[in-house]
S.K.: 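This structure is in structure tokens; I'll ask about it shortly.
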Amino acid sequence: MSDYIIKIIPINPYYHIDGQKIKKIVDDLKTRITADNVELKTYDNPAFIDCGSNLEKITCPICGAIIDFDWWSVAMDTASNSSFMDLYVKLPCCGESSTLNDLQYYFPCGFSCTELNILNPLNELSYECLSYIQELLGTPIRCIQAHI
């Protein structure tokens with residue numbers, strides 16, 4: 001049986017949460033969300049937060065063209081040389097500049113220094129719950145649904 005994880009990350013890949021808030025946020029959410037586990041991870045540099053086996057395609061945020069996974073893999077390798085602190089890329093389809101974080105991942109993925117994981121939630125998170133999480137984190141969020 002596979003696990004289902006809702007990963008919530010700030011839209012800004014460089015956003016760091018105050019370390020003193022982490023336990024309070026997790027404790028608060030554990031009283032509101034029924035799940036196998038709720039945890040908040042932090043990283044010094046942005047990490048790629050993926051959707052697991054849900055990733056089907058990547059498209060250009062400017063022209064909408066499908067991005068080849070081979071090109072993306074090379075771009076990821078290049079960005080890893082800076083520990084993902086430099087996410088800027090020149091897009092292969094239209095030649096415009098963007099970031100790896102702004103590519104349109106289907107299903108959503110992104111880069112982040114902060115990752116809230118909700119393992120096997122009993123119910124889908126409501127709009128109100130997501131708004132509350134955004135308020136707790138203090139920044140706009142992106143929701144990633146992963147199957148592993």
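Counting begins at 1 with the first residue of the sequence.
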S.K.: Applying side chain to side chain contact (heavy atoms under 4.5 Å, CB included), run through Ile62 and Leu91 and close with a yes or a no.
M.R.: CA-CA 9 Å; Ile62 296 170; Leu91 298 164; 3.8 Å; yes
S.K.: Assess the residue pair Ile144 and Ile9 against the criterion (side chain to side chain contact (heavy atoms under 4.5 Å, CB included)); give the C-alpha distance rounded to whole Å, side-chain angles, the decisive distance to 0.1 Å, and a yes or no.
M.R.: CA-CA 8 Å; Ile144 298 168; Ile9 63 172; 3.7 Å; yes
S.K.: Does any part of the side chain of Tyr43, heavy atoms only, come nearer than 4.5 Å to the side chain of Ile49, both counted from C-beta?
M.R.: yes
S.K.: Once rounded to the nearest 0.5 Å, what's the spacing between atom SG of Cys51 and atom CD1 of Ile6?
M.R.: 13.5 Å
S.K.: How long is the straight-line distance from CD of Glu39 back to CD1 of Ile118, given to the nearest 0.5 Å?
M.R.: 10.5 Å
S.K.: So, for Pro46 and Pro13, which heavy atoms are closest and what is the spacing to 0.1 Å?
M.R.: CG-O, 3.6 Å
S.K.: Heavy atoms, side chains only, cut-off 4.5 Å: are Leu116 and Val38 in contact?
M.R.: yes
S.K.: Between Tyr4 and Asp36, is there a side-chain heavy-atom distance shorter than 4.5 Å?
M.R.: no
S.K.: Nearest 0.5 Å, please: how far is CG in Leu137 from CD1 in Ile22?
M.R.: 10.0 Å
S.K.: Can you check whether Ile8 reaches Thr114 side chain to side chain, under 4.5 Å on heavy atoms?
M.R.: no
S.K.: I need the Ile58 CD1 to Ile66 CD1 distance, nearest 0.5 Å.
M.R.: 10.5 Å
S.K.: Would you give the length of the straight line joining atom OG of Ser126 to atom CZ of Arg32, rounded to the nearest 0.5 angstrom?
M.R.: 10.0 Å
S.K.: What pair of heavy atoms forms the shortest contact from Ala35 to Leu119, and how long is it?
M.R.: CB-O, 3.3 Å
S.K.: If you measure from CD1 on Ile133 to CD on Glu128, what distance do you get to the nearest 0.5 Å?
M.R.: 12.0 Å
S.K.: Is there a donor in the side chain of Tyr132 and an acceptor in the side chain of Asp28, or the other way round, less than 3.5 Å apart?
M.R.: yes
S.K.: Let me check something: do Leu87 and Met85 share a hydrophobic cluster, defined by ILVMFWY side-chain heavy atoms less than 4.5 Å apart, either directly or through other members?
M.R.: yes
S.K.: Check whether Asn101 reaches the backbone of Ile11 with its side chain - one donor and one acceptor, N or O, closer than 3.5 Å.
M.R.: yes
S.K.: With a 4.5 Å limit on heavy-atom distance, are the side chains of Tyr15 and Cys113 in contact?
M.R.: no
S.K.: At their closest point, which heavy atom of Asn54 faces which heavy atom of Gln145, and how far apart are they?
M.R.: ND2-O, 2.8 Å
S.K.: Just by distance, do the side chain of Ser73 and the backbone of Asp70 share a donor-acceptor pair under 3.5 Å?
M.R.: no
S.K.: Angle between ring planes, Phe84 versus Phe111, binned at 30° and 60°: parallel, tilted or perpendicular?
M.R.: tilted
S.K.: Under 3.5 Å, is there a donor on one side chain and an acceptor on the other for Glu56 and Tyr105?
M.R.: no
S.K.: Can you give me the closest heavy-atom contact between Cys60 and Ile67, atom names plus distance?
M.R.: N-CG1, 3.8 Å
S.K.: Can you check side chain to side chain contact (heavy atoms under 4.5 Å, CB included) on Cys129 and Ile33, steps first, answer last?
M.R.: CA-CA 9 Å; Cys129 184; Ile33 299 170; 4.0 Å; yes
S.K.: Using side chain to side chain contact (heavy atoms under 4.5 Å, CB included), reason through Lys41 and Asn117 one step at a time and then give a plain yes or no.
M.R.: CA-CA 8 Å; Lys41 297 179 179 180; Asn117 288 324; 3.6 Å; yes
S.K.: Can you see which heavy atom on Pro61 is nearest to which on Leu103, and at what distance?
M.R.: CD-CD2, 3.8 Å
S.K.: Do the non-hydrogen side-chain atoms of Ile17 and Leu40 ever get within less than 4.5 Å of each other?
M.R.: yes
S.K.: Flag yes if more than 12 heavy atoms outside Asp44 fall under 6.0 Å of its CG atom; otherwise flag no.
M.R.: no
S.K.: Would you say the side chain of Phe69 lies within less than 4.5 Å of the side chain of Leu55, judging by non-hydrogen atoms?
M.R.: yes
S.K.: Quick check: closest heavy atoms across Lys90 and Gly95, and the distance to 0.1 Å?
M.R.: CE-O, 3.2 Å
S.K.: Quiz question: by atom type and distance under 3.5 Å, do the side chains of Asp102 and Thr99 form a donor-acceptor pair?
M.R.: yes
S.K.: Check whether any side-chain heavy atom of Tyr88 lies under 4.5 Å from a side-chain heavy atom of Ser97, and answer yes or no.
M.R.: no
